[in-house]
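Here is how names work: the chains are called A, B, and so on, in the same order as the sequence lines, proteins then strands, and each is numbered from 1.
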There are 2 protein chains.
Amino acid sequence: MGNKERRAREREQMREDILDAAIELFHELGFEKTTIRRIADKIEYTPGNIYAYFKNKNDILFGIHQRGFKLLYDMEMTVVDTPDPSERLIKLGQTYIQFGLQHRQYYDLMFIDSSIQQVIHEDDSWQEGQSSYTVLRDTVAECIQTGALPPNDADSITFGMWAFVHGLVSLYVRGRSAMIPDEYMPQVLQASYTYFQTAFFPHKNVDNILNSEAFVV
Amino acid sequence: MGNKERRAREREQMREDILDAAIELFHELGFEKTTIRRIADKIEYTPGNIYAYFKNKNDILFGIHQRGFKLLYDMEMTVVDTPDPSERLIKLGQTYIQFGLQHRQYYDLMFIDSSIQQVIHEDDSWQEGQSSYTVLRDTVAECIQTGALPPNDADSITFGMWAFVHGLVSLYVRGRSAMIPDEYMPQVLQASYTYFQTAFFPHKNVDNILNSEAFVV
DNA sequence: CCATGTTTTGAACAGTGTTTAATTTGTAAA
DNA sequence: TTTACAAATTAAACACTGTTCAAAACATGG
């Protein structure tokens with residue numbers, strides 16, 4: 001018979017349709033203006049019906065959120081096989097910033113916005129973020145082991161590294177840098193990032209590792 | 001007669017009352033749940049009447065925002081007379097983080113939330129933020145001049161320093177550190193901050209400058 | 001006491017997320 | 001083919017937002 005399976009597939013398809021529409025609106029308008037009614041309009045259904053597929057709006061945002069983390073993870077995978085841990089760390093940070101600049105909307109939802117927080121706490125299968133953090137932490141730990149970084153609690157250093165790049169990106173994403181003209185921001189971010197890495201790895205040529213390329217938005 | 005003056009004073013008093021009520025609610029509930037109707041309730045007026053004193057809700061939030069910056073500025077003033085620029089820089093960062101931990105709600109509104117951004121752009125008399133930035137920038141510039149920091153574009157370094165502490169605080173304020181238990185966070189922040197400063201000022205005893213005190217929340 | 005200008009109100013508008021009873025639809029069995 | 005039942009979908013409502021505006025209340029100077 002296999003009708004059960006088809007029904008399940010159709011349900012899953014509908015969920016995907018909703019998510020696709022949501023993401024499209026999300027890119028056009030940002031998540032604040034991505035309303036249930038607009039999503040419903042886009043897929044030509046009634047607002048209420050969406051609640052048959054998603055618990056609430058945050059549940060939809062969480063779906064977008066997850067896709068964002070897949071995107072970030074894929075980008076990180078392109079540099080994760082760099083043998084030298086300090087070089088890898090430098091590249092990981094660069095990639096993270098690059099992601100933030102290229103996908104501001106995703107970044108906002110993933111790391112700044114707070115409406116989702118509740119959903120994340122309920123859904124403890126939240127490995128997407130964890131795995132990105134683990135990649136970073138492992139690299140930091142390796143740097144400590146090889147003596148590339150002065151020894152200390154690995155979590156504290158990892159958190160600091162993350163905080164730094166997050167600070168750079170989030171100030172930019174939320175437009176908190178009125179003192180610096182917008183068009184200079186990518187260069188400032190790049191210079192700032194390079195400067196900091198040079199402080200941590202004085203014996204490396206950070207510029208060479210990053211190919212001296214400024215961030216592209 | 002002086003009635004004009006009294007009227008003006010009463011108007012200003014009303015504005016203050018609204019702001020006070022707003023701030024109280026803001027502390028209790030955060031700015032998302034600080035609604036016009038709740039503010040009106042608190043001062044026993046009608047919601048509509050508030051619009052006779054403030055252009056809109058963001059205008060009220062901007063008032064809170066300004067008070068927050070006064071608070072931050074006052075805290076910064078307690079360390080700004082430190083003669084050695086690198087010590088001053090270290091203490092400024094510590095103070096900034098301390099502010100963020102002690103006044104999360106203010107911090108959120110001042111540096112993370114985006115609803116106000118529009119008002120800030122309109123009101124170009126927005127020196128509150130500028131002056132805090134200038135204090136930091138001047139200190140960084142002095143560090144470069146005295147050779148305490150390797151030379152580079154002062155804005156890039158300043159922005160990076162700010163980004164780092166902002167990253168630490170904002171990840172904490174928005175609860176983005178699921179991988180680290182909440183009760184350890186102040187210690188992790190402290191360790192992370194000390195570690196980074198040590199990287200920038202290897203010849204300083206950062207721990208001593210900060211009196212080895214962990215952040216208090 | 002009246003006229004004028006300010007302050008305050010109450011009701012409405014358009015928008016939000018969400019719930020629920022009623023309706024439509026699709027499918028399997030009689 | 002018709003009936004029966006379950007799933008999908010709708011329409012309407014609810015309780016909230018921020019905001020506007022005509023009307024009412026008030027205070028004040030003449």
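Relative ring orientation between A:Phe196 and B:Phe196 is described as tilted, the plane-to-plane angle lying within the 30° to 60° band.
In this structure, B:Arg37 atom CZ and C:dG15 atom C1' are separated by 12 Å, rounded to whole Å. A straight line from CZ of B:Arg7 to P of C:dG5 spans 12 Å, rounded to a whole angstrom. For the pair A:Arg38 CZ and C:dA14 P, the computed distance is 16 Å after rounding to whole Å. Taking atom OH on B:Tyr51 and atom C1' on D:dA22, their separation rounds to 18 Å, with Å as the unit. Put simply, CZ on B:Arg11 is 12 Å from C1' on C:dT8, counting in whole angstrom units. Atom CG of A:Asn49 and atom P of D:dA13 are 19 Å apart (whole Å). Following rounding to the nearest Å, A:Gln13 (CD) and D:dA8 (C1') show an atom-to-atom distance of 16 Å. Distance B:Arg15 CZ to C:dT7 C1': 16 Å, rounded to the nearest Å.
Taking every side-chain heavy atom of B:Thr46 into account, C:dT9 is the closest of D:dT9, C:dT9, C:dT27. The A:Tyr45 side chain lies nearest to D:dT10 when the options are D:dT10, D:dT19, C:dG17.
Using a 4.0 Å cut-off between charged nitrogen and carboxylate oxygen, A:Glu16 and A:Arg67 count as a salt-bridge pair.
Residues A:Phe164 and A:Phe159 keep their aromatic ring centres 6.0 Å or farther apart. Taking the six-membered ring for Trp and the full ring otherwise, A:Tyr106 and A:Phe69 have centroids separated by 6.0 Å or more. Annotation: A:His103 is in aromatic contact with A:Phe99 [ring centroid separation under 6.0 Å].
Of the two residues near DNA chain D, B:Lys55 and A:Met14, the one whose nearest nucleotide lies more 5' is A:Met14.
A:Tyr53 comes within 4.0 angstrom of the backbone, heavy atoms only, and of no base.
In terms of heavy-atom proximity, A:Leu89 sits nearest to A:Cys143 at CD2-SG, 4.2 Å.
More than 12 heavy atoms of other shown residues, nucleotides or ligands fall within 6.0 angstrom of atom CD in B:Glu28.
For DNA chain D, none of the residues of residues 17-36 of chain A falls under the heavy-atom distance limit of 4.0 Å.
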